[in-house]
Amino acid sequence: MRVEAVGIDSGVFVKVLEDLGLACSGSRDYTVRAWDLETARCAAVAKISRNVVTNIRRVPREPVVAQTSEDLRVRLWDVRDLATPAATFEGHVDIPHCVDVTPDGNYLVTSSNGFDANSGCELRVWDRRAGRQILEARRHCASVNACAFAETKNAKPGFQPGSLVVVSGSTDRTVRAWIADPARASLESSDERRFDGYDDPTDAAATTCVAALDEPDGCFVAAGDLGGKTQVWEVNRSGEMLARAHTRRAS
């Protein structure tokens, strides 16, 4: 069983590493901690000055987690030894808010805060094997609060072999689908959709989270916003986002 819990108020994000009997958390107190699930006690802790953890994700099938921080760095930790980060990536010019990892564990995507395309608001793709950033894109015009990889194992026509589908959500009230092709050093926005259905365009509708899932019959993207709405799209063979369903939280 795999369990995920997110403590919004405390700023702590938890992923269960069930094969090791450990959980890993990151917090605004500058720490990353490993927890023993049998005893519910802290098994190891790493504390780095200014390492205010903004997001954390497990690297699939590895005892490794990736985290973003307000000190503009992206760190990888082996939870079996938190003495030092397993890797550190630098390059963001504003606070990275979110990180995701491809199913094979080879690539990371991060998204950042910002106020326009010249000062943040970017997506960055990192190659773990090369230890560096390989792609960058700036098409959003406000903070990019969320990002996620969509699996491409079902390789639908229209996607190049080896390409990755990335989705992002922003305070500019848009959700974008991107085609990332590491072989061509290309990260291109294939489509965008704006949250709709609001009577007042000034409603607080900043996109706060996105998720993507690749299924045999299509790639689906879900996103939520501060206006209380969740919307779902299908990313078709041309990279277009087609509306499938949407809901609004009851008042």
Side-chain angles (χ1 to χ4, degrees), residues 1-7 11-92 95-112 123-135 146-153 162 164-166 180 182 209-214:
M1 179 179 70
R2 179 170 298 171
V3 178
E4 175 181 351
V6 180
V12 178
F13 303 83
V14 180
K15 285 282 189 180
V16 171
L17 303 174
E18 67 280 7
D19 48 348
L20 295 177
L22 294 174
C24 191
S25 68
S27 173
R28 297 191 64 83
D29 66 1
Y30 304 161
T31 67
V32 172
R33 295 175 183 266
W35 301 86
D36 187 313
L37 294 178
E38 292 292 331
T39 64
R41 294 180 178 178
C42 183
V45 59
K47 186 170 185 177
I48 298 177
S49 177
R50 299 178 60 220
N51 182 35
V52 177
V53 180
T54 56
N55 198 216
I56 193 167
R57 289 286 186 275
R58 181 183 180 180
V59 176
R61 300 184 299 277
E62 296 184 40
V64 176
V65 294
Q67 61 126 134
T68 48
S69 171
E70 287 189 4
D71 68 2
L72 309 186
R73 293 173 173 84
V74 181
R75 295 182 174 89
L76 290 169
W77 298 89
D78 186 324
V79 299
R80 298 167 300 183
D81 181 8
L82 295 181
T84 58
T88 301
F89 301 133
E90 300 185 34
H92 276 291
I95 296 172
H97 284 309
C98 189
V99 60
D100 198 21
V101 188
T102 51
D104 62 11
N106 290 334
Y107 299 99
L108 311 178
V109 62
T110 55
S111 61
S112 81
L123 285 172
R124 295 174 184 257
V125 177
W126 314 79
D127 188 328
R128 282 184 64 201
R129 297 162 299 181
R132 60 182 177 83
Q133 175 187 307
I134 57 171
L135 302 173
C147 60
F149 282 112
E151 297 184 42
T152 55
K153 61 188 177 187
L164 306 168
V165 179
V166 178
C209 60
V210 295
L213 180 65
D214 194 37

Checklist entry - Any donor-acceptor pair under 3.5 Å linking the side chain of Thr54 with the backbone of Thr68? => result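 Yes: the side chain of Thr54 pairs with the backbone of Thr68.
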Item to check | Arg58 (side chain) donor-acceptor with Val101 (main chain) under 3.5 angstrom | outcome: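 Pair absent, no side-chain N/O of Arg58 close to backbone of Val101.
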Next on the checklist: Filter on ring-ring contact (aromatic ring centres under 6.0 Å, His included), then keep only pairs touching residues 63-89, sequence neighbours left out; what's left?
Outcome noted: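 Matches after skipping sequence neighbours: Phe89-Trp126.
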Next on the checklist: Just to verify, what does Ala83 make a side chain to side chain contact (heavy atoms under 4.5 Å, CB included) with, not counting sequence neighbours?
Outcome noted: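 Listed in chain order: Asp81.
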Checklist entry - Which is it for Val74 and His92 under the side-chain contact (heavy atoms from CB on, under 4.5 Å) test, yes or no, and what are the steps along the way? => result CA-CA 9 Å; Val74 181; His92 276 291; 4.3 Å; yes
Exercise: identify the closest heavy-atom pair between [X] and [Y]:
X	Y	value
Cys24	Val32	SG-CG1, 3.8 Å
Ile56	Gly26	CD1-N, 4.3 Å
Pro60	Pro103	CB-O, 3.4 Å
Val59	Gly105	CG1-CA, 3.9 Å
Ala148	Ala211	CB-CA, 4.4 Å
Asp29	Thr31	OD1-OG1, 2.5 Å

Using side chain to side chain donor-acceptor pair (under 3.5 Å) as the criterion, list what pairs up with [X], not counting sequence neighbours.
X	value
Gln133	Arg124, Glu136
Arg80	Asp78
Ser112	Glu122

Item to check | Residues forming a salt bridge (charged side-chain N to carboxylate O under 4.0 Å, His left out) with Glu90, sequence neighbours excluded | outcome: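 If we apply the salt bridge (charged side-chain N to carboxylate O under 4.0 Å, His left out) test to Glu90, skipping adjacent residues, the hits are Arg73.
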Checklist entry - Which residues satisfy the salt bridge (charged side-chain N to carboxylate O under 4.0 Å, His left out) test with Arg129, sequence neighbours excluded? => result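 If we apply the salt bridge (charged side-chain N to carboxylate O under 4.0 Å, His left out) test to Arg129, skipping adjacent residues, the hits are Asp127.
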Checklist entry - If you round to the nearest 0.5 Å, how far is OG1 of Thr88 from CG of Leu76? => result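 So the gap between those two atoms works out to 8.0 Å.
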Next on the checklist: Give me each pair satisfying side chain to side chain donor-acceptor pair (under 3.5 Å) with a member in residues 95-104, each pair once, sequence neighbours excluded.
Outcome noted: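 Side chain to side chain donor-acceptor pair (under 3.5 Å) check on residues 95-104 returns His97-Ser143, Thr102-Asp104, Asp104-Asn106.
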Give the table of side-chain donor-acceptor pairs shorter than 3.5 Å for residues 42-52, with sequence neighbours excluded, one pair per line with atom names and distance.
| unit_1 | atom_1 | unit_2 | atom_2 | d |
| --- | --- | --- | --- | --- |
| Asn51 | OD1 | Gln67 | NE2 | 3.1 |
| Asn51 | OD1 | Ser69 | OG | 3.0 |
| Asn51 | OD1 | Arg75 | NH1 | 2.8 |
| Asn51 | ND2 | Gln67 | OE1 | 3.0 |

Next on the checklist: Can you confirm whether Val53 sits close enough to Ser27 that some side-chain heavy atom of one is under 4.5 Å from a side-chain heavy atom of the other?
Outcome noted: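 Of all side-chain heavy-atom pairs linking Ser27 with Val53, none is under 4.5 Å.
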